[in-house]
Amino acid sequence: MIPVTKRKLISIPAGTALVLLAVLLAGSLFSFSCAPAPRPPAGPGDPGDSGKPPAGKQPELRAFFINVGQGDSCLIMARTGSGEEFTLLVDAGPAGASEGVVEFLREAGVTEIDYLVFTHPHEDHIGGGKAVLDAFEVGKVYMPKTSHTTGAYEQLLLTIESKGLTVTQVRAGKVILEEKDFEVEFLGPVKSYEDLNDCSAVMSLTFGKKVLLLMGDAEAQAEKDMLEAGIVPDADVLKVGHHGASTSTSGEFLKVSRPSVAVISVGPNPYGHPSKTVLDRLERAGVKVYRTDLHGTVEVVIKGDRLDVSTR
Ligand SMILES: [Zn+2]
């Protein structure tokens, strides 16, 4: 576990106060209206008495795609070949699911979050951020640079500042963790975009020979730019972009990323997520699809060459 360090917030640019004021005046114009009550998540099981896996065990990565309704939150707990343990949280779900997310993390044995990533400022990804930051010690916070903002984003920035934490900007190509058999890298955004979804932090997590690809809400343009940059990995697990919207998960992207398992984090919504187009495309590619709305929380366990998926 890396030591938790705290620094002063330095990355809020000049003029942010005006932006924040504008946001306050604008109210929740950009906020998503969906805040479904999540099913209470169950614990991951076998966390050990102290909540930590017992020492001396084999390297293992567990990823939980938490059922937060319409939104995203993925908890990753990894024990590397050197015995180091890391906890990452990628997005915190919508505000309506925040209690469930905090409870899930506690039951999973989380006491500190080494890396907290908010993929982009939409409420269904950051709404639970305040509750998570209030409940857990956090080492580093990552977010992409965006020119837009939302009421939920403003609240999140204020919470981060109040904890004495800094925000590190996501940059494509930046490796944030490089350990024995475990590497975490940002693949996107490779450019700046008008569309907040395309600004999403896209992450690849390589554990031994297995690769998890977490897309945030990145859409086809961001996928195309990553393909052109030649940085899309051969993946085993794909956290499907933008809750399975038809504007993400292009055929070309699937052809290169070649996942065997896809997870769609989605709940009741008025947007038609996930789209039949994407579901059909995944089926044609022979990808096994798990959906949080149908299966509940999806757990992926990687141990050596084994990759197992279960749902709860
Ligand atoms: Zn979203």
Side-chain angles (χ1 to χ4, degrees), residues 28-38 63-76 88-98 100-101 116-132 142-156 170 186-189 193-203 212-223 226 237-250 253 262-275 277-279 282 289-294 297-298:
S28 56
L29 256 184
F30 296 97
S31 294
F32 278 41
S33 58
C34 51
F64 302 94
F65 299 89
I66 304 170
N67 179 15
V68 293
Q70 178 73 3
D72 268 17
S73 184
C74 178
L75 168 67
I76 295 124
L88 295 83
L89 186 70
V90 182
D91 288 329
S98 57
V101 169
L116 177 58
V117 179
F118 294 106
T119 60
H120 65 296
H122 279 151
E123 201 276 337
D124 57 325
H125 298 252
I126 66 168
K130 181 182 185 327
V132 166
Y142 288 89
M143 288 197 273
K145 185 182 180 196
T146 52
S147 53
H148 294 75
T149 189
T150 63
Y153 186 51
E154 180 235 358
Q155 186 197 44
L156 180 65
V170 169
F186 287 115
L187 304 183
Y193 300 94
E194 282 289 311
D195 184 326
L196 271 190
N197 289 329
D198 278 335
C199 292
S200 286
V202 175
M203 303 173 73
L212 279 69
L213 188 50
L214 309 182
M215 299 298 294
D217 277 0
E219 303 198 51
Q221 184 60 51
E223 292 174 0
M226 282 184 279
V237 177
L238 174 70
K239 200 297 290 179
V240 172
H242 200 190
H243 321 288
S246 61
T247 41
S248 298
T249 323
S250 67
F253 190 81
V263 180
I264 301 176
S265 188
V266 68
N269 68 84
Y271 317 113
H273 301 162
S275 81
T277 310
V278 167
L279 292 173
L282 289 164
V289 175
Y290 294 88
R291 295 169 50 168
T292 57
D293 59 338
L294 300 182
T297 293
V298 179

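Values below: all heavy atoms of this structure, side chains included; hydrogens, waters and symmetry mates excluded. Just follow the structure's listing: the first ligand is 1, and inside any ligand the first atom is 1. All residue numbers refer to positions in the sequence shown, counting from 1. This one's a predicted model, so the numbers in the text were calculated from it and none came from an experiment.
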With a 3.5 Å distance limit and no angle check, can you tell me whether Thr292 reaches the backbone of Val266 through a side-chain donor-acceptor pair? yes
Examine all N, O or S atoms of His122, backbone included, and report whether one is under 2.8 Å from the Zn ion (ligand 1). no
Nearest-0.5 Å distance, CZ of residue Phe118 to CD1 of residue Ile126: 7.5 Å
Heavy atoms, side chains only, cut-off 4.5 Å: are Leu212 and Lys239 in contact? no
If the cut-off is 2.8 Å, does any N/O/S atom of His242 fall short of it from the Zn ion (ligand 1)? no
Treating Ser73 as the side-chain partner and Asp91 as the backbone partner, does any N or O pair qualify as donor plus acceptor under 3.5 Å? yes
Write the atom name of the N, O or S atom in Asp124 that is nearest the Zn ion (ligand 1). OD2
Check Asp217 and report its N/O/S atom nearest to the Zn ion (ligand 1), by atom name. OD2
